[in-house]
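This report concerns only the one structure given below.
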Amino acid sequence: MANHGAEAANQDHTPGHTSGHTRDHTPDSDDTRDRYDPSALEALWQSRWDEHGTNRFTLDEFRSAEDPYYNLMMFPYPSAEGLHVGNIYAFTGADVHGRYHRLRGREVFEPIGFDAFGIHSENFALKVGLHPMDLIPKNVANFTRQLRRIGGMFDWDHTVDTTTPEYYRWTQWLFLQLFKGGLAEQKEAPVNWCPSCMTVLANEQVISGLCERCDSAVEQRRIAQWFFRITDFAQRLLDNLDDLDWSETTKKAQSNWIGRSEGAFLRFPMADEPSADTGSGKADSGMTSPANRAETVDVFTTRPDTIFGATYMVLSPEHPLVDRVTLPEHRPEIDAYRKQASAMDLVARQKTDKTKTGVFTGGHCVNPATGERIPIWIADYVLMEYGTGAIMAVPGHDQRDFEFATKFELPIPRVVAGPDDTADTPLEEAYVGPGRLVNSGPFDGLPIDEAIAKVTAWLDEKGAGEKTINYRLHDWCISRQRYWGPPIPIIHCARCGAVPVPEEDLPVVLPRVEDFKPDDSGISPLARVEEWYRTECPDCGGEAERETDVSDTFLDSAWYFLRYPSTDIADAPFDPAITRRWLPVDTYIGGNEHAVLHLLYARFVTMALHDLGHLDFEEPFTRFRAHGLIIREGAKMSKSKGNVVVPDPIIEEYGADTFRLYLMFLGPFEEGGDYRDLGIQGPFGFLKRLWETVVDDLDPDPEAAPDPDVERKLHQTIEQVTRQLPELQYNTSIAAMMEYLNAVRSGGRTPVRAEVEPLVVLVAPFAPHIAEELWSRLGHAESLWDAAPWPDFDPEKMAEDTITLAVQVNGKVRGTVELPAGASQETALAAARDEPNVARHLAEVELRRVIHVPDRLLNLVVG
RNA sequence: GCCGGGGUGGCGAAAUCGGUAAACGCAGGGGACUUAAAAUCCCCCGGGCGAAAGCCCUUGCGGGUUCAAGUCCCGCCCCCGGCACCA
């Protein structure tokens, strides 16, 4: 838009300099210049803020900030479709928070960036036949345009794009730190393989057996992978949750994901098998070699107290001991079963309602409690990923084992008796309730809690096991056999093994490869680029090859918040002094879909960097709030339904201020809301009315005294908004401001400046452009955002002098009376008796009791 | 099955410590202004009975505590999100 005059007038913007821009910002003719024209006005202020560096920090400012506030939101993945309402909703909610603190005088750093590596981008590039290196910059440019348009308080001098070598250089550096710290290791492991995406997936990316991206059934494969040892931190990650100011739902999701369970690790010695028919059946028949005798089947159980009822063992079909324990005559059956299990996709494998299957191996263990030989089976209801991949089956007290034992006619003894049971009460199903041990030798009669401790201690003494803690959490597999990610900075040398790339050689630049389509080989496309992967060993100088896998996108986003304030620093990932001043992040706002993925990894990386001496804190986000989800007209938005809200035309028509205000008005920010197309009229009308109030209708006397009733309402409104904004209670804050403006304009009265100016500031976090414009029109030379003029409220001015007291008779409202605030019970009662309808209900009954809640109600109990 | 979060007018939603249920907004109805429309402004707007005054009912369902329950307790039902053969 054209506003050359205004721009020129503002070139030397300094405090005290009244530029006169309050009137000359629209070069149009006189009759249109005072109309509320959001698009023009928003463009004007955005360019002014940009010129003045209103939202940008210099390196010096980072180093010297006295009251820093790091306001973070989850950076977007720049898709080709552009920003969707969900993004804008989240960013606006976070921006409102940042702007509020800015108006309170904090130095608010609010960065944004782009999480642009990963399978999403790569698959889309493949689909449209473009190279991601060409596609991503376009998407980033489009996102940047949109992000600027919505008026976020972003520091555009400190953005990150995870796909630039300047950024991923440090992602690779991070990998090396973890590698050197012993927290990264390569191991062959069964992994989730998506046959459609042709890549390995993290457990978190598998949603009930399906690929979270393409819904293909996930298969199992064994590939050498790089892992981060996040499980080493499981207990700390869990313990620290107690002290984090995070949304409860997010903390709960993390603690479920970590999945701590207390129990025991137990060793069941393998029994040697009677060759042919020696028939003795005793463990030490002399046929057992010493090596064999040492072999055990190890299990994890949360119910060591039930060990006397363990009548068989079950190994997962993938368990490494299966071959050892299987007797030759059972071999064909076992092999067939294992083949069937491995062919089965994880959906079918994890279906819980299917009937139990399994095969006897022919092998046996000795139950260390009873000394009895018990058979070893394999069954797919035992998962290799959890615990040791083997269980002791206690059919009497575990429903899964009960079903299995019933089907295969294995014994089902009772070892726990409930309050109404005896040791011999038959079991119709597994009994898992409270009770006391039975049929358990010396432990009979003990309640479960006590028995768990005593039995475990007893087994420990016998060397048969010990108390332990098991976690559901797995190590983080970060290898991806794909193209679009940072190469893992490792060089494989036949002589020296896996050698880290020297830090001074970083970044290992991702080469431009035209043929980046993944294939079914399980090998990265980079393995096709010989001139790239052939290199020398940094240690011995011999021929060597680069690691051709790239790292998981979640690694890029696990540390980006450390980079933002230090993007001016070229020779370190984050500057120690700046980091000390600005981190940990004060408030982080984002979607709960990242509760266990991104947020847990970011915590792990921070904790690891802390332990390795790079950071002096171990939790990255002091406060985290999960925002809700936006639906439309009661239905989930999706591309396939064609009911997605497209933000650009709405912003075009109503302006970013209205759109922001409307999104925040839909419902509680932390619960989301229902976007109804017509609803935007309310917030639009409000801003328009506010505009007219200041621009057209204001009392010309700037010193005019406020109306006492309006002033009282003003202080009540300031109080409410000041209390609710930092708690993200945006919808009710907006309602309060609307109510206040209604009071200011009621009966078409002429508003005075003292009534209106504070409202302009209150509304500013939601509608920053119109607020700045009105602030300027009210005669202020300094930007609203630099002046930090958050209004104070005066409790005395808030107080009502007369109140309406509800009068109840027997709990039912029969009338109201007007009274001076703080009126005594006697006064209230007298007034109530004078109220005709109340008097009617008091006639001919006896007043038995009076309940007086001062200034609220009077309840007269009669009978 | 387990763990969260919910269920309030036609709709989105409000409601400190238990104290006048439905603030604010949308949609709808009526009116003013206008040649007309848009925009704007004013009034009405949970249900039932009543001419009115007023009375009765109403926060998913059923009980309970209390002078008083959307709010607290017990038992259910339904919706949304997460986890799920986790030993």
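Both backbone and side-chain heavy atoms feed into the values below; hydrogens, waters and symmetry mates do not. Bear in mind the structure is a predicted one, so any value in this text is a computation, not a measurement. Chain identifiers are assigned alphabetically (A, B, ...) following the order of the sequence lines, protein sequences preceding nucleic acid strands; residue numbering begins at 1 within each chain.
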Close aromatic pair by centroid cut-off 6.0 Å: A/Phe408 and A/Trp377:
yes

Please classify the nucleic acid contact of [X] as base, sugar-phosphate, or nothing, using heavy-atom distances under 4.0 Å.
X: A/Asn742; value: sugar-phosphate
X: A/Ser261; value: sugar-phosphate
X: A/Lys251; value: nothing
X: A/Tyr675; value: nothing
X: A/Arg689; value: sugar-phosphate

Atom pair distance, as rounded to whole Å: OH in A/Tyr89 and C1' in B/rG12:
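Answer to the nearest Å: 12 Å.
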
CG of A/Asn592 versus P of B/rG6: gap in Å, rounded?
13 Å

Residue pair A/Arg745, A/Asp697: steps toward the salt bridge (Lys or Arg N to Asp or Glu O under 4.0 Å) verdict
CA-CA 10 Å; A/Arg745 302 312 309 268; A/Asp697 303 335; 2.9 Å; yes

Should the pair A/Lys688 and A/Tyr36 be classed as cation-pi, given the thresholds of under 6.0 Å to the six-membered ring centre and 45° from the axis?
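No, A/Lys688 and A/Tyr36 do not form such a contact.
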
Go through it in stages, so that I can follow the logic: the residues are A/Tyr675 and A/Tyr662, the test is ring-ring contact (aromatic ring centres under 6.0 Å, His included), and I'd like the CA-CA distance, side-chain angles, deciding distance and then a yes or no.
CA-CA 9 Å; A/Tyr675 187 97; A/Tyr662 180 43; 5.1 Å; yes

Using purine N1 to pyrimidine N3 plus N6-O4 or O6-N4 for Watson-Crick, or N1-O2 and O6-N3 for G-U wobble, each under 3.5 Å, what pairs with [N]?
N: B/rC41; answer: B/rG31
N: B/rC83; answer: B/rG1
N: B/rG75; answer: B/rC61

Suppose you measure atom P in B/rC26 against the same atom in B/rC42; what distance do you get, rounded to whole Å?
12 Å

How far does the C1' atom of B/rC45 sit from the matching atom of B/rC24, given to the nearest Å?
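Going atom to atom, C1' in each nucleotide, I get 15 Å.
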
